[in-house]
Q: 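Have a look at this one before I ask anything.
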Amino acid sequence: MDGPSPGRREVARPAACVVGVGSALPERVLTNLQLMEMVDTSDDWIVSRTGIRERRIAAEGEFTSHLAERAARQALDNAGLTPADIDLIVLATATPDNTFPSTAVAVQERLGMKTGAAFDVAAVCSGFVYALTTANALIATGTARRALVIGAETFSRILDWSDRTTCVLFGDGAGAVVLEANGATNGSASGTPRGIIASSLRSDGAHRDKLFVDGGPSSTRSVGHLRMRGQEVFRFAIGATVDVVEDVMAKAGITAQDIDWFVPHQANKRIIDASARKLGIDEKKVVLTVERHGNTSAASIPLALSQASADGRIKKGDLVLLEAMGGGFTWGAVLVRW
Ligand code: UT7
(Lines give C-alpha, C1' and ligand atoms only; values in the text may rest on other atoms or scores of the structure.)
Protein backbone atom coordinates (compact mmCIF):
# COMPACT_ATOMS: atom_id res chain seq x y z
CA MET A 1 0.00 0.00 0.00
CA ASP A 2 1.25 3.48 -0.88
CA GLY A 3 1.56 6.17 1.74
CA PRO A 4 3.89 7.14 4.54
CA SER A 5 5.72 4.37 6.41
CA PRO A 6 4.71 3.88 10.03
CA GLY A 7 6.47 6.36 12.28
CA ARG A 8 7.12 8.87 9.53
CA ARG A 9 6.90 12.50 10.46
CA GLU A 10 4.78 14.93 8.42
CA VAL A 11 7.13 17.42 6.77
CA ALA A 12 6.04 21.00 6.19
CA ARG A 13 5.52 22.07 2.58
CA PRO A 14 8.93 23.10 1.15
CA ALA A 15 9.50 26.84 0.85
CA ALA A 16 11.45 26.72 -2.40
CA CYS A 17 11.86 24.50 -5.40
CA VAL A 18 14.62 23.91 -7.99
CA VAL A 19 13.29 25.08 -11.36
CA GLY A 20 16.47 25.17 -13.46
CA VAL A 21 20.00 23.79 -13.52
CA GLY A 22 23.12 24.54 -15.57
CA SER A 23 26.88 24.10 -15.64
CA ALA A 24 30.10 25.20 -17.31
CA LEU A 25 33.49 23.59 -17.78
CA PRO A 26 36.69 25.08 -19.17
CA GLU A 27 37.70 23.68 -22.55
CA ARG A 28 41.16 22.43 -21.62
CA VAL A 29 41.28 18.79 -20.48
CA LEU A 30 44.23 17.68 -18.33
CA THR A 31 44.58 13.90 -18.33
CA ASN A 32 46.42 11.68 -15.88
CA LEU A 33 48.89 10.87 -18.64
CA GLN A 34 49.68 14.57 -19.05
CA LEU A 35 50.11 14.89 -15.27
CA MET A 36 52.70 12.10 -15.40
CA GLU A 37 54.88 14.50 -17.39
CA MET A 38 54.59 17.11 -14.63
CA VAL A 39 54.98 15.14 -11.37
CA ASP A 40 56.07 11.67 -10.23
CA THR A 41 52.71 9.90 -10.50
CA SER A 42 50.93 7.27 -12.59
CA ASP A 43 47.53 6.86 -14.21
CA ASP A 44 47.15 3.64 -12.25
CA TRP A 45 47.81 5.33 -8.87
CA ILE A 46 45.38 8.18 -9.54
CA VAL A 47 42.59 5.96 -10.91
CA SER A 48 42.89 3.29 -8.23
CA ARG A 49 43.12 5.76 -5.30
CA THR A 50 40.60 8.36 -6.49
CA GLY A 51 38.68 7.27 -9.62
CA ILE A 52 39.87 10.41 -11.47
CA ARG A 53 40.95 10.12 -15.13
CA GLU A 54 40.88 13.75 -16.22
CA ARG A 55 39.95 17.24 -15.05
CA ARG A 56 39.36 20.64 -16.70
CA ILE A 57 41.70 23.60 -16.30
CA ALA A 58 40.62 27.23 -16.77
CA ALA A 59 42.31 29.18 -19.55
CA GLU A 60 44.46 32.23 -18.91
CA GLY A 61 42.03 35.08 -18.24
CA GLU A 62 39.14 32.70 -17.52
CA PHE A 63 38.03 33.45 -13.96
CA THR A 64 35.70 31.81 -11.47
CA SER A 65 33.12 34.49 -12.29
CA HIS A 66 33.24 33.63 -16.03
CA LEU A 67 32.49 29.96 -15.34
CA ALA A 68 29.81 30.99 -12.82
CA GLU A 69 28.17 33.33 -15.32
CA ARG A 70 28.02 30.60 -18.00
CA ALA A 71 26.51 28.10 -15.54
CA ALA A 72 24.01 30.72 -14.33
CA ARG A 73 22.89 31.58 -17.88
CA GLN A 74 22.36 27.90 -18.64
CA ALA A 75 20.34 27.43 -15.44
CA LEU A 76 18.19 30.47 -16.31
CA ASP A 77 17.59 29.14 -19.86
CA ASN A 78 16.71 25.76 -18.39
CA ALA A 79 14.17 27.46 -16.10
CA GLY A 80 12.78 29.61 -18.90
CA LEU A 81 13.71 32.74 -16.94
CA THR A 82 15.86 35.84 -17.49
CA PRO A 83 18.24 37.64 -15.08
CA ALA A 84 15.48 40.18 -14.43
CA ASP A 85 13.47 37.42 -12.73
CA ILE A 86 16.20 36.85 -10.11
CA ASP A 87 16.48 38.79 -6.86
CA LEU A 88 19.28 36.88 -5.11
CA ILE A 89 22.64 35.33 -6.05
CA VAL A 90 24.40 33.12 -3.52
CA LEU A 91 27.73 31.94 -4.89
CA ALA A 92 29.84 29.32 -3.16
CA THR A 93 33.56 29.50 -3.87
CA ALA A 94 36.96 29.16 -2.25
CA THR A 95 38.65 30.63 -5.32
CA PRO A 96 37.05 34.08 -5.78
CA ASP A 97 38.22 36.42 -8.55
CA ASN A 98 39.33 38.92 -5.89
CA THR A 99 39.49 39.07 -2.10
CA PHE A 100 36.63 41.55 -2.49
CA PRO A 101 34.16 42.44 -3.84
CA SER A 102 32.45 39.08 -3.98
CA THR A 103 32.46 36.97 -7.13
CA ALA A 104 28.66 37.00 -6.85
CA VAL A 105 28.50 40.75 -7.58
CA ALA A 106 30.71 40.25 -10.67
CA VAL A 107 28.19 37.68 -11.90
CA GLN A 108 25.30 40.01 -11.01
CA GLU A 109 26.85 42.82 -13.07
CA ARG A 110 27.60 40.59 -16.08
CA LEU A 111 24.07 39.23 -16.06
CA GLY A 112 22.85 42.84 -16.19
CA MET A 113 20.96 42.59 -12.90
CA LYS A 114 20.21 45.99 -11.39
CA THR A 115 18.19 44.80 -8.42
CA GLY A 116 18.37 42.16 -5.72
CA ALA A 117 21.35 41.09 -3.61
CA ALA A 118 24.45 38.99 -4.29
CA PHE A 119 27.06 37.53 -1.97
CA ASP A 120 29.58 34.70 -1.66
CA VAL A 121 29.59 31.80 0.77
CA ALA A 122 32.92 30.30 1.92
CA ALA A 123 32.58 26.68 3.02
CA VAL A 124 35.01 25.13 0.50
CA CYS A 125 33.79 21.74 -0.78
CA SER A 126 30.60 22.01 1.31
CA GLY A 127 29.94 25.43 -0.21
CA PHE A 128 27.06 24.39 -2.45
CA VAL A 129 25.02 22.73 0.30
CA TYR A 130 25.68 25.76 2.54
CA ALA A 131 24.65 28.15 -0.28
CA LEU A 132 21.51 26.18 -1.11
CA THR A 133 20.46 26.09 2.54
CA THR A 134 21.13 29.83 2.89
CA ALA A 135 19.14 30.74 -0.25
CA ASN A 136 16.30 28.46 0.84
CA ALA A 137 16.18 30.17 4.24
CA LEU A 138 16.12 33.63 2.63
CA ILE A 139 13.25 32.54 0.41
CA ALA A 140 11.44 30.96 3.38
CA THR A 141 11.56 34.30 5.25
CA GLY A 142 10.31 36.23 2.21
CA THR A 143 13.61 38.10 1.79
CA ALA A 144 13.97 36.75 -1.76
CA ARG A 145 11.69 35.11 -4.30
CA ARG A 146 14.01 33.62 -6.91
CA ALA A 147 17.67 32.83 -6.35
CA LEU A 148 20.58 31.72 -8.43
CA VAL A 149 22.64 29.35 -6.29
CA ILE A 150 26.05 28.82 -7.83
CA GLY A 151 29.12 26.72 -7.02
CA ALA A 152 32.14 27.88 -9.03
CA GLU A 153 35.85 27.23 -8.66
CA THR A 154 39.24 27.61 -10.29
CA PHE A 155 41.25 25.41 -7.92
CA SER A 156 43.99 25.12 -10.56
CA ARG A 157 45.05 28.62 -9.42
CA ILE A 158 45.73 27.59 -5.80
CA LEU A 159 47.39 24.22 -6.43
CA ASP A 160 51.07 23.61 -5.84
CA TRP A 161 51.82 21.95 -9.18
CA SER A 162 54.96 20.35 -7.73
CA ASP A 163 53.00 18.56 -4.95
CA ARG A 164 51.79 15.23 -6.35
CA THR A 165 49.71 14.52 -3.26
CA THR A 166 47.27 17.35 -4.12
CA CYS A 167 47.72 18.58 -7.71
CA VAL A 168 46.32 15.39 -9.27
CA LEU A 169 43.04 15.68 -7.37
CA PHE A 170 41.38 18.96 -8.34
CA GLY A 171 39.82 20.64 -11.36
CA ASP A 172 37.90 23.76 -12.41
CA GLY A 173 34.22 24.23 -13.23
CA ALA A 174 30.88 25.68 -12.18
CA GLY A 175 27.29 24.64 -11.70
CA ALA A 176 24.12 26.54 -10.82
CA VAL A 177 20.49 26.05 -9.92
CA VAL A 178 17.54 28.44 -9.90
CA LEU A 179 15.60 28.22 -6.67
CA GLU A 180 12.08 29.62 -6.70
CA ALA A 181 9.59 30.34 -3.90
CA ASN A 182 6.93 27.68 -4.03
CA GLY A 183 3.71 29.02 -5.44
CA ALA A 184 0.66 27.21 -6.68
CA THR A 185 2.54 26.02 -9.79
CA ASN A 186 5.44 24.24 -8.13
CA GLY A 187 3.61 21.53 -6.26
CA SER A 188 3.74 18.35 -8.35
CA ALA A 189 0.51 17.13 -9.90
CA SER A 190 0.66 13.95 -7.79
CA GLY A 191 0.31 16.09 -4.70
CA THR A 192 3.86 15.42 -3.44
CA PRO A 193 5.32 18.84 -2.67
CA ARG A 194 8.48 19.64 -4.66
CA GLY A 195 11.41 21.54 -3.22
CA ILE A 196 13.97 21.55 -0.42
CA ILE A 197 12.69 19.21 2.26
CA ALA A 198 15.48 19.20 4.83
CA SER A 199 19.04 20.43 5.41
CA SER A 200 21.78 19.62 7.86
CA LEU A 201 24.94 21.75 8.18
CA ARG A 202 27.95 21.07 10.39
CA SER A 203 31.47 22.38 10.95
CA ASP A 204 34.33 21.77 13.35
CA GLY A 205 37.19 24.27 13.24
CA ALA A 206 39.41 21.97 15.31
CA HIS A 207 40.25 20.31 11.97
CA ARG A 208 41.07 23.47 10.06
CA ASP A 209 44.77 22.58 9.67
CA LYS A 210 44.02 19.34 7.78
CA LEU A 211 42.80 20.92 4.55
CA PHE A 212 43.66 24.56 4.07
CA VAL A 213 45.34 27.22 1.93
CA ASP A 214 48.64 28.44 3.40
CA GLY A 215 48.04 32.09 2.58
CA GLY A 216 45.48 34.85 2.88
CA PRO A 217 45.14 38.63 2.91
CA SER A 218 45.22 39.03 6.69
CA SER A 219 47.81 36.37 7.57
CA THR A 220 50.40 36.36 4.78
CA ARG A 221 49.18 39.07 2.37
CA SER A 222 49.34 36.45 -0.35
CA VAL A 223 47.04 33.88 -1.94
CA GLY A 224 48.87 30.70 -0.92
CA HIS A 225 48.54 27.08 -1.99
CA LEU A 226 46.22 24.24 -1.03
CA ARG A 227 47.65 21.82 1.57
CA MET A 228 46.00 18.62 2.70
CA ARG A 229 46.60 15.74 5.10
CA GLY A 230 44.75 13.42 2.75
CA GLN A 231 44.45 10.32 4.90
CA GLU A 232 43.00 12.27 7.83
CA VAL A 233 40.46 13.94 5.55
CA PHE A 234 39.61 10.58 4.03
CA ARG A 235 39.02 8.99 7.43
CA PHE A 236 36.76 11.83 8.60
CA ALA A 237 34.75 12.08 5.36
CA ILE A 238 32.79 8.83 5.58
CA GLY A 239 31.62 9.33 9.19
CA ALA A 240 30.71 12.96 8.46
CA THR A 241 28.67 11.94 5.44
CA VAL A 242 26.70 9.37 7.39
CA ASP A 243 26.16 11.90 10.23
CA VAL A 244 24.43 14.58 8.11
CA VAL A 245 22.65 12.19 5.76
CA GLU A 246 21.05 10.36 8.70
CA ASP A 247 20.06 13.73 10.13
CA VAL A 248 18.24 14.89 6.97
CA MET A 249 16.60 11.49 6.53
CA ALA A 250 15.33 11.63 10.13
CA LYS A 251 14.07 15.20 9.66
CA ALA A 252 12.21 14.13 6.51
CA GLY A 253 11.01 10.83 7.94
CA ILE A 254 12.47 8.76 5.10
CA THR A 255 14.90 5.87 4.74
CA ALA A 256 17.74 5.28 2.28
CA GLN A 257 15.40 3.13 0.16
CA ASP A 258 13.22 6.18 -0.55
CA ILE A 259 16.09 8.07 -2.22
CA ASP A 260 16.07 8.13 -6.04
CA TRP A 261 19.46 9.80 -6.57
CA PHE A 262 22.47 10.33 -4.32
CA VAL A 263 24.56 13.27 -5.58
CA PRO A 264 27.59 13.52 -3.29
CA HIS A 265 30.55 15.90 -3.47
CA GLN A 266 32.94 14.39 -5.97
CA ALA A 267 36.27 14.19 -4.12
CA ASN A 268 37.16 10.54 -4.36
CA LYS A 269 35.27 7.52 -5.73
CA ARG A 270 36.42 5.40 -2.79
CA ILE A 271 34.84 7.83 -0.29
CA ILE A 272 31.61 7.94 -2.34
CA ASP A 273 31.41 4.14 -2.67
CA ALA A 274 32.10 3.58 1.03
CA SER A 275 29.56 6.23 2.08
CA ALA A 276 26.84 4.81 -0.19
CA ARG A 277 27.53 1.30 1.13
CA LYS A 278 27.38 2.44 4.73
CA LEU A 279 24.12 4.33 4.12
CA GLY A 280 22.59 1.40 2.25
CA ILE A 281 22.15 3.37 -0.99
CA ASP A 282 22.23 1.24 -4.15
CA GLU A 283 25.26 2.08 -6.32
CA LYS A 284 22.95 2.50 -9.34
CA LYS A 285 21.45 5.54 -7.61
CA VAL A 286 24.81 7.31 -7.17
CA VAL A 287 25.67 10.11 -9.61
CA LEU A 288 29.41 10.06 -10.33
CA THR A 289 31.36 12.71 -12.23
CA VAL A 290 34.70 12.51 -10.43
CA GLU A 291 36.21 10.45 -13.27
CA ARG A 292 35.89 13.33 -15.77
CA HIS A 293 35.88 16.41 -13.51
CA GLY A 294 38.17 15.56 -10.58
CA ASN A 295 37.35 17.41 -7.38
CA THR A 296 35.85 20.79 -8.31
CA SER A 297 35.06 21.70 -4.68
CA ALA A 298 31.84 23.78 -4.41
CA ALA A 299 31.10 23.21 -8.10
CA SER A 300 31.04 19.43 -7.97
CA ILE A 301 27.44 18.88 -6.78
CA PRO A 302 25.74 21.34 -9.17
CA LEU A 303 27.93 20.03 -12.02
CA ALA A 304 26.75 16.50 -11.25
CA LEU A 305 23.13 17.68 -10.90
CA SER A 306 23.35 19.40 -14.26
CA GLN A 307 24.77 16.31 -15.96
CA ALA A 308 22.27 13.87 -14.43
CA SER A 309 19.32 16.12 -15.19
CA ALA A 310 20.47 16.84 -18.78
CA ASP A 311 20.86 13.11 -19.54
CA GLY A 312 17.37 12.37 -18.16
CA ARG A 313 18.35 10.48 -15.01
CA ILE A 314 17.07 13.05 -12.46
CA LYS A 315 13.44 13.85 -13.23
CA LYS A 316 10.75 16.05 -11.72
CA GLY A 317 9.42 14.46 -8.54
CA ASP A 318 12.58 12.42 -7.80
CA LEU A 319 13.95 12.46 -4.27
CA VAL A 320 17.54 13.71 -4.54
CA LEU A 321 20.07 13.61 -1.71
CA LEU A 322 23.02 16.05 -1.85
CA GLU A 323 25.97 15.70 0.51
CA ALA A 324 29.44 17.24 0.88
CA MET A 325 32.40 17.43 3.21
CA GLY A 326 35.48 19.63 3.00
CA GLY A 327 37.92 22.13 4.49
CA GLY A 328 37.07 23.50 7.92
CA PHE A 329 36.04 20.79 8.39
CA THR A 330 32.60 21.62 7.06
CA TRP A 331 29.98 19.11 6.04
CA GLY A 332 26.32 19.05 5.16
CA ALA A 333 23.43 17.43 3.35
CA VAL A 334 20.28 18.66 1.61
CA LEU A 335 17.27 16.59 0.61
CA VAL A 336 15.36 17.86 -2.42
CA ARG A 337 12.17 16.72 -4.11
CA TRP A 338 13.24 17.65 -7.68
O1 UT7 B 1 37.22 17.73 -1.19
C2 UT7 B 1 37.52 17.78 0.15
C3 UT7 B 1 37.72 16.48 0.69
N4 UT7 B 1 38.96 15.90 0.21
C5 UT7 B 1 39.03 14.61 0.19
O6 UT7 B 1 38.06 13.97 0.45
C7 UT7 B 1 40.34 13.94 -0.08
C8 UT7 B 1 40.52 12.85 0.94
N9 UT7 B 1 41.73 12.07 0.80
C10 UT7 B 1 41.92 11.22 -0.24
O11 UT7 B 1 41.12 11.16 -1.15
C12 UT7 B 1 43.12 10.31 -0.21
O13 UT7 B 1 43.71 10.36 1.06
C14 UT7 B 1 44.18 10.65 -1.30
C15 UT7 B 1 43.65 10.29 -2.66
C16 UT7 B 1 44.53 12.13 -1.22
C17 UT7 B 1 45.44 9.82 -1.06
O18 UT7 B 1 45.13 8.44 -1.05
P19 UT7 B 1 45.69 7.48 0.09
O20 UT7 B 1 45.29 6.11 -0.26
O21 UT7 B 1 45.24 8.07 1.39
O22 UT7 B 1 47.25 7.62 -0.11
P23 UT7 B 1 48.35 8.09 0.94
O24 UT7 B 1 48.24 9.55 1.18
O25 UT7 B 1 48.32 7.19 2.11
O26 UT7 B 1 49.67 7.82 0.12
C27 UT7 B 1 50.08 6.48 -0.21
C28 UT7 B 1 51.35 6.55 -1.01
C29 UT7 B 1 52.44 7.40 -0.37
O30 UT7 B 1 53.67 6.78 -0.61
P31 UT7 B 1 54.42 5.95 0.56
O32 UT7 B 1 54.62 6.91 1.67
O33 UT7 B 1 53.46 4.84 0.90
O34 UT7 B 1 55.66 5.48 -0.12
C35 UT7 B 1 52.38 8.69 -1.14
O36 UT7 B 1 53.61 9.38 -1.15
O37 UT7 B 1 51.09 7.15 -2.28
C38 UT7 B 1 52.03 8.20 -2.52
N39 UT7 B 1 51.41 9.21 -3.36
C40 UT7 B 1 51.41 9.14 -4.69
N41 UT7 B 1 51.94 8.24 -5.56
C42 UT7 B 1 51.74 8.47 -6.87
C43 UT7 B 1 50.73 10.31 -2.96
N44 UT7 B 1 50.29 10.97 -4.04
C45 UT7 B 1 50.68 10.27 -5.13
C46 UT7 B 1 50.54 10.45 -6.51
N47 UT7 B 1 51.07 9.54 -7.34
N48 UT7 B 1 49.85 11.50 -7.03
Side-chain angles (χ1 to χ4, degrees), residues 30-55 92-95 122-131 151-156 158-173 175 201-205 207-213 225-245 263-276 278 286 288-291 293-304 322-333:
L30 180 66
T31 64
N32 291 350
L33 296 182
Q34 289 168 315
L35 270 169
M36 287 165 62
E37 290 163 19
M38 298 161 65
V39 285
D40 179 16
T41 191
S42 67
D43 180 50
D44 183 53
W45 190 95
I46 303 172
V47 173
S48 64
R49 303 278 174 144
T50 71
I52 301 168
R53 291 182 190 277
E54 60 184 44
R55 68 288 290 143
T93 190
T95 45
V124 207
C125 298
S126 311
F128 188 74
V129 293
Y130 270 64
E153 303 281 14
T154 46
F155 260 51
S156 62
I158 55 163
L159 294 175
D160 174 351
W161 286 98
S162 65
D163 175 10
R164 69 175 185 171
T165 68
T166 52
C167 76
V168 305
L169 303 173
F170 295 90
D172 302 336
L201 300 182
R202 293 288 317 279
S203 65
D204 184 352
H207 300 283
R208 67 190 187 282
D209 61 344
K210 290 174 186 152
L211 173 49
F212 67 103
V213 170
H225 290 111
L226 182 148
R227 307 290 174 205
M228 178 165 72
R229 282 147 60 179
Q231 273 198 5
E232 290 175 60
V233 181
F234 190 103
R235 272 200 295 274
F236 192 87
I238 298 160
T241 301
V242 172
D243 168 32
V244 282
V245 167
V263 187
H265 169 50
Q266 309 281 321
N268 184 321
K269 187 170 182 304
R270 282 156 63 212
I271 296 176
I272 295 172
D273 289 347
S275 305
K278 216 160 175 182
V286 181
L288 274 175
T289 54
V290 68
E291 186 182 355
H293 300 168
N295 180 346
T296 57
S297 184
S300 86
I301 290 176
L303 265 165
L322 318 179
E323 168 281 322
M325 179 268 162
F329 291 147
T330 55
W331 63 107

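For ligands, and for the atoms within them, numbers begin at 1 and follow the listed sequence.
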Q: Report yes if Gly230 has an N/O atom closer than 3.5 Å to an N/O atom of ligand 1; otherwise report no.
A: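 Between Gly230 and ligand 1 (N or O atoms, distance only) the closest approach is under 3.5 Å.
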Q: Taking 4.0 angstrom as the limit and counting only heavy atoms of Val233, give me the atoms of ligand 1 inside it, by number and element.
A: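 The atoms of ligand 1 under 4.0 Å from a heavy atom of Val233 are 3 (C), 4 (N), 5 (C), 6 (O), 8 (C).
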Q: Looking at atom 2 (C) of ligand 1, what's its closest protein heavy atom, distance included?
A: Cys125 SG, 3.4 Å
Q: Give the residue, atom name and distance (to 0.1 Å) of the protein heavy atom nearest atom 19 (P) of ligand 1.
A: Arg49 NH1, 3.7 Å
Q: Determine whether any heavy atom of Leu169 lies closer than 4.0 Å to an atom of ligand 1.
A: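 Yes, Leu169 has a heavy atom closer than 4.0 Å to ligand 1.
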Q: Give yes if a backbone or side-chain nitrogen or oxygen of Ser42 is under 3.5 Å from a nitrogen or oxygen of ligand 1, and no if not.
A: no
Q: Protein heavy-atom contact under 4.0 Å for atom 10 (C) of ligand 1?
A: yes
Q: Determine, using heavy atoms of Val39 and all atoms of ligand 1, whether some pair is separated by less than 4.0 Å.
A: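 In this structure, Val39 fails to qualify as a contact of ligand 1 - no heavy atom is under 4.0 Å.
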Q: What are the two closest non-hydrogen atoms of Val286 and Ala276, and how far apart are they?
A: CG2-CB, 4.0 Å
Q: Test your reading of the structure: does Thr50 have an N or O sitting under 3.5 Å from an N or O of ligand 1?
A: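 So ligand 1 has no N or O lying under 3.5 Å from an N or O of Thr50.
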Q: Specify whether the nearest protein heavy atom to atom 32 (O) of ligand 1 is under 4.0 angstrom away.
A: no
Q: As an exercise, identify every atom of ligand 1 less than 4.0 angstrom from a heavy atom of Ile271.
A: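 Counting atoms of ligand 1 from 1, those under 4.0 Å from Ile271 are 6 (O), 8 (C).
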Q: Relative to the heavy atoms of Thr165, which atoms of ligand 1 are at a distance of less than 4.0 Å?
A: 43 (C), 44 (N)
Q: Could you pull out, from Trp45, Trp331, Phe236, Phe170, the option with a heavy atom nearest to atom 45 (C) of ligand 1?
A: Trp45
